[in-house]
Protein chains: 2
Amino acid sequence: MTEQSAPTTAASGSTARGEQTRQLILDTAMRLFRERGYARTTMRAVAQEAGVAVGNAYYYFDSKEHLVQEFYAGTQREHRAAADTVLARERDFGPRLAGVLHAGIDVLSPYHAFAGAFFKTAAEPTSPLSPFSAESSAPRDMSIALFREALTGSTAKLDAELREALPELLWLGYMGVVLYWVHDRSDGQVKTRQLIDGVVPLVDRLVALSRLRVLRPVTRQTLALISTLRH
Amino acid sequence: MTEQSAPTTAASGSTARGEQTRQLILDTAMRLFRERGYARTTMRAVAQEAGVAVGNAYYYFDSKEHLVQEFYAGTQREHRAAADTVLARERDFGPRLAGVLHAGIDVLSPYHAFAGAFFKTAAEPTSPLSPFSAESSAPRDMSIALFREALTGSTAKLDAELREALPELLWLGYMGVVLYWVHDRSDGQVKTRQLIDGVVPLVDRLVALSRLRVLRPVTRQTLALISTLRH
DNA sequence: CCCTGAATTTGAACACGTTCAAGAGGGGCG
DNA sequence: CGCCCCTCTTGAACGTGTTCAAATTCAGGG
């Protein structure tokens with residue numbers, strides 16, 4: 001229930017004329033995506049079920065894929081909310097990280113069937129929907145902030161430089177987890193849960209080890225490489 | 001100019017009747033993909049330029065995306081060939097790995113402009129074109145074999161268990177490099193080269209360090225996790 | 001030389017995402 | 001009230017990937 005970035009505020013009941021129509025179309029589309037999957041949901045069906053003309057849907061959304069972008073933003077907000085309850089409770093880095101990761105998958109769960117299509121659009125670099133694109137920087141930054149919070153709010157001790165760079169790496173790892181989840185055909189996507197529970201202690205231990213003398217050069221080199229690649 | 005996997009051999013001039021047509025369509029499509037990009041190449045244009053009816057293209061290829069799969073298989077063969085010259089020369093693990101990775105990007109280079117579309121189809125888990133799908137297991141296994149060769153043909157000393165599991169991890173890392181390359185907008189994709197040159201020494205060092213007492217538990221845990229996730 | 005069955009080829013037709021010119025509604029202003 | 005202008009709505013039309021029943025080609029047997 002947080003604010004949108006749109007120019008209209010949600011404070012009063014009377015926003016721009018078409019706001020209700022927009023929401024109706026979006027809700028209808030999301031329902032059909034869940035019921036029929038992405039590919040088998042036609043824009044004509046969305047329009048018909050919402051009781052508007054097909055062109056009207058295109059007045060509010062640039063394309064069918066942009067409907068998915070709204071989904072992306074929505075789950076992002078839910079992820080934040082779900083993670084916050086865990087972050088308020090835990091202090092250790094491991095459980096905090098696990099909590100954020102599990103919360104992300106929790107939120108995505110109802111959409112597993114059509115999440116493939118979601119990732120399909122996300123993978124195309126020219127698409128504004130790519131999680132790496134400039135257009136997605138807002139939700140991406142919010143997601144990275146979540147991992148930063150998991151780290152800085154914890155009792156973990158680590159190098160200042162690593163502390164700065166790690167959140168983005170954790171987000172990248174999260175993208176990997178989501179990729180695994182999308183391909184995960186196990187019952188209730190149990191394997192993804194196992195992946196999280198197995199990988200978190202490893203990350204936790206490696207972060208602790210990074211201060212060791214033998215691993216210092218590796219840490220340094222890694223951070224240097226990242227800063228090179230970032231321009 | 002290596003052999004195809006098709007049942008017909010290329011030795012005599014008389015293969016199945018339509019083999020030439022098939023190749024003509026494929027070559028035309030690849031040329032148009034390079035010239036105009038994937039999205040702006042219509043199947044009608046491919047058919048017209050190849051001098052056949054549009055339905056004929058669908059007789060040989062199940063879909064437009066399946067034309068991309070042929071591209072995938074083709075570059076796989078070229079990758080093998082390009083990597084072999086490096087692997088015949090080098091003995092150290094680092095240079096061997098770097099050679100294989102650079103060879104892969106070398107082969108892909110001419111297609112950078114339309115590689116986005118390639119990755120788009122590759123990301124969808126339900127698609128047979130996904131590098132993780134059962135249908136792509138042949139090229140995937142060939143690619144993994146390439147990394148196994150880079151490792152086993154080297155002088156690197158490492159745990160037997162790790163030696164067994166590492167090639168697949170290296171292939172996974174290679175997928176990551178390709179993903180980075182697809183998004184790489186730097187001139188001539190220099191940054192991808194920097195990524196390879198920066199990451200290879202790190203991997204090399206970590207593999208060496210994996211035998212150290214402090215890192216043994218981490219290695220063990222990692223390998224255990226992988227075997228859990230593989231069923 | 002014709003006949004038969006399979007391989008190949010054709011192009012009109014279909015469903016879908018998307019566009020766009022045209023209109024409807026409705027509020028502010030003279 | 002009349003006029004204007006901006007927001008919103010419409011649905012026919014376009015271009016695309018794909019399908020399919022029909023036509024064509026061809027090798028080999030009779």
Side-chain angles (χ1 to χ4, degrees), chain A residues 6-9 12-26 28-30 32-33 35-71 114 117-118 120-121 124 126-129, chain B residues 6-8 12-26 28-30 32-33 36-71 114 117-118 120-121 124 126-129:
Chain A
T8 59
T9 59
S12 83
S14 67
T15 56
R17 249 203 292 163
E19 197 55 38
Q20 293 173 36
T21 309
R22 180 193 155 90
Q23 198 58 48
L24 173 63
I25 291 168
L26 184 55
T28 306
M30 284 305 147
L32 293 184
F33 284 165
E35 288 175 7
R36 314 179 181 180
Y38 179 77
R40 285 194 302 205
T41 299
T42 69
M43 290 301 281
R44 284 170 179 81
V46 170
Q48 187 175 347
E49 292 261 324
V52 300
V54 67
N56 202 5
Y58 281 92
Y59 179 78
Y60 290 104
F61 302 95
D62 288 346
S63 71
K64 188 180 175 185
E65 291 194 350
H66 277 75
L67 284 165
V68 177
Q69 191 169 42
E70 299 284 327
F71 161 79
F114 100 88
F118 163 62
K120 178 173 180 169
T121 71
E124 179 152 46
T126 63
S127 163
L129 304 189
Chain B
T8 59
S12 82
S14 67
T15 56
R17 252 203 290 163
E19 197 55 39
Q20 294 174 36
T21 309
R22 182 193 155 90
Q23 198 59 47
L24 174 63
I25 292 168
L26 185 55
T28 306
M30 284 305 147
L32 293 184
F33 285 166
R36 315 179 182 178
Y38 179 78
R40 285 193 302 205
T41 300
T42 69
M43 291 299 281
R44 284 169 180 78
V46 170
Q48 188 175 346
E49 292 261 324
V52 300
V54 68
N56 202 6
Y58 281 92
Y59 179 77
Y60 290 104
F61 303 94
D62 288 346
S63 71
K64 188 179 176 185
E65 290 193 352
H66 275 75
L67 284 165
V68 176
Q69 192 169 42
E70 298 285 325
F71 160 79
F114 100 88
F118 162 62
K120 178 173 180 169
T121 72
E124 179 151 45
T126 63
S127 163
L129 305 189

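From a predicted model like this one, the values you see are computed outputs, not experimental measurements. A, B, ... follow the sequence lines: proteins, then strands. Residue 1 opens every chain. Scope of the values below: all heavy atoms of this structure, side chains included, with no hydrogens, waters or symmetry mates.
- No side-chain heavy atom of Y60(A) sits under 4.5 Å from any side-chain heavy atom of L26(A).
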- [ ] Can you check each nucleotide of nucleotides 12-21 of chain C against protein heavy atoms at under 4.0 Å and return B for base, S for sugar-phosphate only, - for none, in 5' to 3' order?
- [x] BB--BBBB--
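- Residue-level contact check: Y60(B) touches the backbone only, with heavy atoms under 4.0 Å from sugar-phosphate atoms and none from bases.
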Give me, pair by pair, the N or O atoms of the protein and of nucleotides 24-26 of chain D that are less than 3.5 Å apart, along with how far apart they are.
from: dT25(D); atom 1: O2; to: R17(B); atom 2: NH1; distance (Å): 3.4

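- With sequence neighbours left out, S63(A) forms a side chain to side chain donor-acceptor pair (under 3.5 Å) with H66(A).
- Between F61(B) and E70(B), the closest side-chain pair of non-hydrogen atoms falls below 4.5 Å.
- Residues K64(A) and A39(A) come closest through the heavy atom pair NZ-O, 3.9 Å.
- Note on the helix from dC1(C)-dG30(D) to dG30(C)-dC1(D): terminal axis deviation equals 30°, with five pairs used at each end and the result rounded to 10°.
- Smallest separation of non-hydrogen atoms from T28(B) and V46(B): CG2-O, 3.7 Å.
- Between T21(B) and dT8(C), a side-chain N or O to OP1/OP2 separation shorter than 4.0 Å is absent.
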Task: Residues E35(A), R40(A); criterion salt bridge (Lys or Arg N to Asp or Glu O under 4.0 Å); working and verdict - done: CA-CA 9 Å; E35(A) 288 175 7; R40(A) 285 194 302 205; over 6 Å; no
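- Taking atom CD of residue Q48(B) and atom P of nucleotide dT10(C), one finds them 13 Å apart after rounding to whole Å.
- With dT9(D), dT10(C), dA7(C) as the candidates, the nucleotide lying closest to the side chain of Y59(A) is dT9(D).
- Within the 3.5 Å criterion, the main-chain N or O of L32(A) finds a donor-acceptor partner in the side chain of T41(A).
- Residue pairs meeting the ring pair (Phe, Tyr, Trp, His ring centres under 6.0 Å) criterion with at least one partner in residues 37-59 of chain B, sequence neighbours excluded, are F33(B)-Y38(B).
- Rounding to the nearest 0.5 Å gives a distance of 10.5 Å between CG of N56(B) and CE of M43(B).
- Closest heavy-atom contact between A29(A) and L67(A): CB-CD1, 3.9 Å.
- Qualifying side chain to side chain contact (heavy atoms under 4.5 Å, CB included) partners for A47(A), counting only residues two or more places apart in sequence or in other chains: V52(A), V54(A).
- Taking atom NE2 on H66(B) and atom P on dG17(D), their separation rounds to 16 Å, with Å as the unit.
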